[in-house]
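Everything below concerns the one structure shown next.
The chains referred to below are lettered A, B, ... by the order of the sequence lines, with proteins before strands, and numbering in each begins at 1. Note: hydrogens, waters and symmetry copies are ignored here, and every other heavy atom, side chains too, is used.
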Amino acid sequence: MKSEPQEFSIHDLQRKGKALWDGVRNYQARNMLRDEMRVGDRALFYHSNAGGETGVVGEMTIANAAYPDPTQFQIHHKYFDPKSSPENPRWVAVDVAFEKAFPRLIPLSLLKQKKRLAGMPLLKRGNRLSIMKLTKTEYDYITTLANSV
DNA sequence: GCCAACGTTGGC
DNA sequence: GCCAACGTTGGC
C-alpha cells in the first residue's frame with residue numbers, strides 16, 4: 001500500500017498505532033480494498049514519491065474491513081467527492097494497524113534487481129495503483145530483505 | 001521540474 | 001461509443 005511520506009509515513013502510523021487508510025480514488029484500488037481485504041491481512045507500507053527514499057518501509061495489518069471513506073463527504077476536505085453521497089458512497093477506506101518499521105528502507109531499485117519479484121504489479125511498467133496484491137512468497141521474501149540489507 | 005503512462009471528462 | 005484534452009501519479 002503506497003503513501004507519500006510527506007502525506008502519511010510509516011512513522012506517522014507508528015506514532016498513532018492505528019489509522020484510517022483514506023483517499024483512495026481509483027476504482028481498481030478501491031475494488032481491492034472493498035473485495036479482497038480482510039481483518040488480519042498483512043500489508044507492506046510503501047513510501048512513494050520520496051526521492052531517494054522510495055521503497056518499502058514496514059509492515060501493517062488490516063484492522064477493519066472496508067467501509068465508506070468519510071473524507072469523500074467532507075466538503076472542505078481535499079478528498080471530497082461531490083458525486084458521492086452517504087446514501088450511495090463511491091469510495092471506501094480500511095483501518096490499518098502498525099506492525100513494524102524496517103530498520104532501513106528497502107529501495108525500489110533493490111526490488112527491481114530481484115528476479116523473483118519481477119512478477120509484482122508494483123514493478124510492472126506503467127503501474128500507478130496505490131493498492132496492489134502480492135503473493136505470500138513475495139511478501140516473505142521482501143521481509144527477509146528487510147532483515148538482511 | 002520533466003515526462004511517460006494512465007485515468008477521467010465531456011463534446012460530438 | 002469515440003476520442004481529444006486534461007489531470008494525476010510517481011519515478012527520475
Side-chain angles (χ1 to χ4, degrees), chain A residues 1-16 19-37 41-62 65-96 98-135 137-149:
Chain A
M1 299 173 74
K2 294 182 186 173
S3 176
E4 301 192 6
Q6 69 241 38
E7 201 64 41
F8 185 73
S9 73
I10 186 75
H11 305 292
D12 294 325
L13 180 59
Q14 182 163 26
R15 208 172 332 106
K16 297 178 71 174
L20 173 71
W21 198 275
D22 61 6
V24 173
R25 295 293 181 271
N26 170 284
Y27 289 103
Q28 248 184 293
R30 178 204 65 183
N31 293 349
M32 268 183 279
L33 287 176
R34 188 190 59 195
D35 304 333
E36 311 223 31
M37 286 194 180
D41 283 354
R42 308 184 70 84
L44 295 173
F45 197 128
Y46 179 90
H47 281 178
S48 63
N49 243 320
E53 301 291 296
T54 295
V56 182
V57 290
E59 295 181 73
M60 53 196 172
T61 51
I62 304 307
Y67 56 95
D69 181 347
T71 63
Q72 71 194 303
F73 310 127
Q74 297 164 17
I75 295 179
H76 298 295
H77 201 284
K78 66 172 172 167
Y79 295 140
F80 176 66
D81 184 350
K83 291 175 183 165
S84 190
S85 67
E87 296 73 36
N88 193 10
R90 179 175 294 208
W91 307 111
V92 300
V94 296
D95 291 334
V96 295
F98 176 80
E99 287 297 330
K100 73 164 67 161
F102 293 152
R104 52 179 79 78
L105 163 106
I106 307 172
L108 176 61
S109 56
L110 181 65
L111 301 179
K112 284 180 175 169
Q113 290 168 23
K114 305 296 181 186
K115 283 213 178 78
R116 68 178 85 181
L117 297 178
M120 285 179 72
L122 175 72
L123 302 179
K124 295 254 173 75
R125 192 168 140 273
N127 197 317
R128 300 179 313 174
L129 284 177
S130 63
I131 311 278
M132 282 167 281
K133 282 172 77 167
L134 62 169
T135 65
T137 310
E138 290 159 350
Y139 190 101
D140 291 344
Y141 181 61
I142 291 171
T143 56
T144 305
L145 287 178
N147 298 319
S148 63
V149 175

Item to check | Degree of bending in the helix from B/dG1-C/dC12 to B/dC12-C/dG1 once both end axes are built from five pairs, to 10° | outcome: 10°
Checklist entry - Using a heavy-atom distance cut-off of less than 4.0 Å, which residues of residues 88-96 of chain A contact DNA chain B? => result none
Polar atoms only, N or O, under 3.5 Å: list the protein pairs with nucleotides 5-11 of chain C and their distances.
residue: C/dT8; atom: O2; partner: A/Arg128; partner atom: NH1; Å: 2.6
residue: C/dT9; atom: O3'; partner: A/Arg128; partner atom: O; Å: 3.4
residue: C/dG10; atom: OP1; partner: A/Lys2; partner atom: NZ; Å: 3.0
residue: C/dG10; atom: OP1; partner: A/Arg128; partner atom: O; Å: 2.7
residue: C/dG10; atom: N7; partner: A/Asn49; partner atom: ND2; Å: 3.4
residue: C/dG11; atom: OP1; partner: A/Tyr46; partner atom: OH; Å: 2.7
residue: C/dG11; atom: OP2; partner: A/Asn49; partner atom: N; Å: 2.8

Checklist entry - Any side-chain heavy-atom pair from A/Phe73 and A/Tyr79 closer than 4.5 angstrom? => result no
Item to check | A/Lys78: partners by salt bridge (Lys or Arg N to Asp or Glu O under 4.0 Å), with sequence neighbours left out | outcome: A/Glu7
Checklist entry - Between A/Asp69 and A/Arg25, is there a salt bridge with N-O shorter than 4.0 Å? => result yes
Next on the checklist: My understanding is that only residues two or more places apart in sequence, or in another chain, count here; which of them pass salt bridge (Lys or Arg N to Asp or Glu O under 4.0 Å) with A/Arg42?
Outcome noted: A/Glu59
Next on the checklist: Regarding A/Arg25, tell me which of base, sugar-phosphate or nothing describes its non-hydrogen contacts under 4.0 Å with the strands shown.
Outcome noted: nothing
Checklist entry - DNA chain B: A/Lys83 or A/Gly126, which has the more 5' nearest nucleotide? => result A/Gly126
Next on the checklist: Could you check whether any side-chain N or O of A/His47 sits under 3.5 Å from a backbone N or O of A/Ile10, counting only pairs where one atom can act as donor and the other as acceptor?
Outcome noted: yes
Next on the checklist: More than 12 heavy atoms of other residues, nucleotides or ligands under 6.0 Å from CD of A/Glu36: yes or no?
Outcome noted: yes
Next on the checklist: Can you confirm whether A/Asp22 sits close enough to A/Trp91 that some side-chain heavy atom of one is under 4.5 Å from a side-chain heavy atom of the other?
Outcome noted: no
Item to check | Identified side-chain contact (heavy atoms from CB on, under 4.5 Å) partner of A/Met1 from the options A/Leu44, A/Val96, A/Leu129 | outcome: A/Val96
Checklist entry - Looking at side-chain heavy atoms only, is the closest gap between A/Asn147 and A/Phe102 below 4.5 Å? => result no
Distance-only criterion, 3.5 Å: show the donor-acceptor pairs between side-chain atoms of residues 105-115 of chain A and protein atoms not counting sequence neighbours.
none

